[in-house]
Peer 1: 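Please see the structure below; I have some questions.
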Amino acid sequence: MIDKIQLFFKPEQRLRCEADFDAVFSEPLRSRDQFFLLLARNTNQPHPRLGLIVSKKKIRKAVHRNRVKRITRDSFRLHQHQLPVVDVIVLAYQAAEQAERLVLRRSLDKHWEKLKKQFPTL
RNA sequence: AGAGUUGGUUAAGCAGCCGCUGCUCACCGAGAAUGGUGGGUGGAGGAAAGUCCGGGCUCCACAGGGCAGGGUGCCAGGUAACACCUGGAAGAUGUGAGUCUAUGGAAAGUGCCACAGAAAAUAUACCGCUUCUUACAUUAGUGAGAGGUAAGGGUGAAAUGGUGCGGUAAGAGCGCACCGCGCUAUUGGUAACAGUAGUGGCAGGGUAAACCCCAUCCGGAGCAAGACCAAAUAGGGGAACAGUGGCUUAAGUCACGGGUGCUGCCCGCACAAGUUCCCGGGUAGGUCGCUUGAGGUGUAUGGUAACGUGCAUCCCAGACGAAUGGCUGCUCAAGACAGAACCCGGCUUAUCGACCAGCUCUUUCA
RNA sequence: UGGGGGAUCGUCCAAUGGCAGGACUACGGACUCUGACUCCGUCAAUCUAGGUUCGAAUCCUUGUCCCCCAG
């Protein structure tokens, strides 16, 4: 199985300005568990985009914040072509600070599946 | 061998695949900025942390000096500077190697010292000790008065130099010896300080991380500093033009009309607008500041050391919704604390371990 | 990221370096036929770790947490 799809994660695949975030926050579809809360909304961009919110109050140490963001970003990168074209915001909860890496990845896999069901036609 | 102490180094490693990011090269496209693809190369720490000090840098203020406020505080040196470091002194502690110390001034002044105690700072006197006079009494002694003393006294964190001998009515640095303390001289040392000699006869408690005094240092703010480019909207300033007709080559001048609101229209009234262009400030956004620096490594040399100097060599993160990760396999001691955001020098705090070097103590063997 | 302020009973506030106090709450009692109000009493705290001092909530140092400001 040769994977010819390029699994990049470029700056234009990220949510960067406040207007983009506000647009998702206005009328999102939610998906949550103990580690993450995902907000998703349709977009007119050619590809899905990801925004991260990992607050200092939820996860105190900078090392752990970076770890959660890296895991989330990499999972998004690997799943981007199976996703519908949506803007997604991932909020991390306090339980993600001490969770194992594999546990976080399985949790994100479930979230991506759920998004596919919620946006079936796209 | 065990126990300890001081200083230093390191902060799991290897391979494959998929990614992120700075620089650079090649190709494609293009007027250019730049964009895309591919290759090469670099990519978190000893504390990056806390923001506790010091400096660079930037802007503001500023003739000079002082006050206020704040920091530092044994001595000398190092340094861009420091509250840091090095060496030394003194004191404390440990068998020792070592470790720790905000370690100037209390006869410049002010304040405070609860409770207890006679008394907490003024040469004071509660209980005592003791002399004289007097009353009582056989004496011992007791009471009163006038003195002399500070040896002893429960207390307290702290009590008016300590011990011994002499001395005395009782006592007392009252005298003497030793110790402590102060002063003077001298020797060593840059100095802090130490030694020696002489002398004074005790000067008078503690507290300066209480005010304070003395010496010395400090202008304020911080890269969200600051500089540049610069939409849309609102608003500021300036200029030009308003439509028609007459005179006039034209400019100009005269007459009429003209915008908005009050009413859909007219009259009337009120307001001074309208269009275009330019200028300045400046928001969103973007660019710079942004990493070559009190830099690293090696070597020589001066210095006890911190550190300095010379030469050679290297370029070693620079993001901005924010880069070091994910998957797989292997090895072992099974991986701690923890993530750059303008930069640097320190301090403090967190930390599984591993290794190296110096030194000390105890035991045993030679 | 930078700058500033704070932490005292369960809550809100006091406290010249000398026994940590008040109000509300909680609990117990009194008053009342009962409850409320009122009165009396009890319990309950100096963010952490060091240092200075005879003695620290207070002075100094360190760490933790909370709040505010700068887009």
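Remember, predicted model here, so these are calculated numbers, not experimental data.
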Peer 1: Rounding to an integer number of Å, can you tell me how far A:Glu97 CD sits from B:C337 P?
Peer 2: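 Rounded to the whole Å, the gap is 12 Å.
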Peer 1: Can you tell me whether the side chain of A:Asn66 and the base of B:G339 have a donor-acceptor pair closer than 3.5 Å?
Peer 2: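 Result: at least one qualifying N/O pair found.
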Peer 1: Would you mind reading off the distance between A:Leu50 atom CG and B:G325 atom P, rounded to a whole angstrom?
Peer 2: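 Going from CG in A:Leu50 over to P in B:G325 covers 19 Å.
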Peer 1: Counting only side-chain heavy atoms from C-beta out, which of C:C65, B:G326, B:G321 sits nearest to A:Arg60?
Peer 2: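 Of C:C65, B:G326, B:G321, C:C65 is nearest to the side chain of A:Arg60.
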Peer 1: What is the separation between atom NZ on A:Lys56 and atom C1' on B:A322, rounded to the nearest whole Å?
Peer 2: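 Nearest whole value for this atom pair: 14 Å.
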Peer 1: Taking B:A333 as the reference, what is the distance to B:U41 when you measure between their P atoms (whole Å, please)?
Peer 2: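 About 34 Å, rounded to a whole number of Å.
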Peer 1: In whole angstrom, what separates A:Leu78's CG from B:G325's P?
Peer 2: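 The distance from CG of A:Leu78 to P of B:G325 comes to 16 Å, rounded to the nearest Å.
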Peer 1: Applying a 3.5 Å limit to both distances, which nucleotide forms a Watson-Crick or G-U wobble pair with B:C112?
Peer 2: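 When the pairing criteria are applied, B:G206 turns out to be the nucleotide that pairs with B:C112.
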Peer 1: Suppose you measure atom C1' in B:A230 against the same atom in B:G264; what distance do you get, rounded to whole Å?
Peer 2: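 One C1' to the other, the span is 48 Å.
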Peer 1: According to the Watson-Crick and G-U wobble definitions, with both distances under 3.5 Å, which nucleotide is paired to B:G42?
Peer 2: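 B:G42 is paired, partner B:U21.
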Peer 1: Take atom P in B:G105 and the same atom in B:G182, then report the distance between them in whole Å.
Peer 2: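 Rounded to whole Å, the distance is 12 Å.
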Peer 1: Treating a pair as Watson-Crick (purine N1 to pyrimidine N3 plus N6-O4 or O6-N4) or G-U wobble (N1-O2 and O6-N3) with both distances under 3.5 Å, list the stems of 3 or more consecutive pairs that involve RNA chain C.
Peer 2: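 Stem segments, range with range: C:1-7 with C:64-70, C:10-13 with C:21-24, C:26-30 with C:38-42, C:49-51 with C:59-61.
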Peer 1: If you assign each of A:Ile71 and A:Ala62 to its closest nucleotide in RNA chain B, which residue comes earlier from the 5' end?
Peer 2: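 Looking at the nearest nucleotide for each, A:Ile71 comes out on the 5' side.
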Peer 1: Check if the side chain of A:Arg70 and the base of B:G339 share a donor-acceptor pair of N or O atoms closer than 3.5 Å.
Peer 2: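 Answer yes: a donor N or O sits under 3.5 Å from an acceptor.
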Peer 1: Parallel, tilted or perpendicular: which one describes the rings of A:Phe36 and A:His111, with boundaries at 30° and 60°?
Peer 2: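 A:Phe36 vs A:His111 ring planes: perpendicular.
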Peer 1: Using whole Å, what does the distance between atom C1' of nucleotide B:G325 and atom CG of A:Leu102 come to?
Peer 2: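 These atoms are roughly 15 Å apart.
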Peer 1: Rounded to whole angstrom units, what separation is found between the CG atom of A:Leu108 and the P atom of B:G326?
Peer 2: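 Distance check: A:Leu108 CG to B:G326 P gives 13 Å.
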Peer 1: Between atom CZ in A:Arg65 and atom P in B:G339, what is the gap in whole Å?
Peer 2: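 It works out to 8 Å between those atoms.
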Peer 1: Of A:Lys61 and A:Lys69, whose closest RNA chain B nucleotide lies nearer the 5' terminus?
Peer 2: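 Closer to the 5' end of RNA chain B: A:Lys69.
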Peer 1: Is a side-chain donor or acceptor of A:Gln80 paired with a backbone partner of A:Arg77 at a separation under 3.5 angstrom?
Peer 2: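 Checking the backbone N and O of A:Arg77 against the side chain of A:Gln80, a donor-acceptor pair under 3.5 Å is found.
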Peer 1: For B:A44, does the O4'-C1'-N9-C4 or O4'-C1'-N1-C2 angle fall within 90° of 0, making it syn, or is it anti?
Peer 2: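 Syn for B:A44; the angle stays within 90° of 0.
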Peer 1: Can you check B:G91 for me, syn or anti if syn means within 90° of 0?
Peer 2: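 Chi for B:G91 falls in the anti range.
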Peer 1: Take the protein atom CZ of A:Arg73 and the nucleotide atom C1' of B:C18, then report the distance between them rounded to whole Å.
Peer 2: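 Atom CZ in A:Arg73 sits about 16 Å away from atom C1' in B:C18.
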Peer 1: Roughly how many Å apart are B:A119 and B:U124, using the C1' atom of each and rounding to a whole number?
Peer 2: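 To the nearest whole Å, 7 Å.
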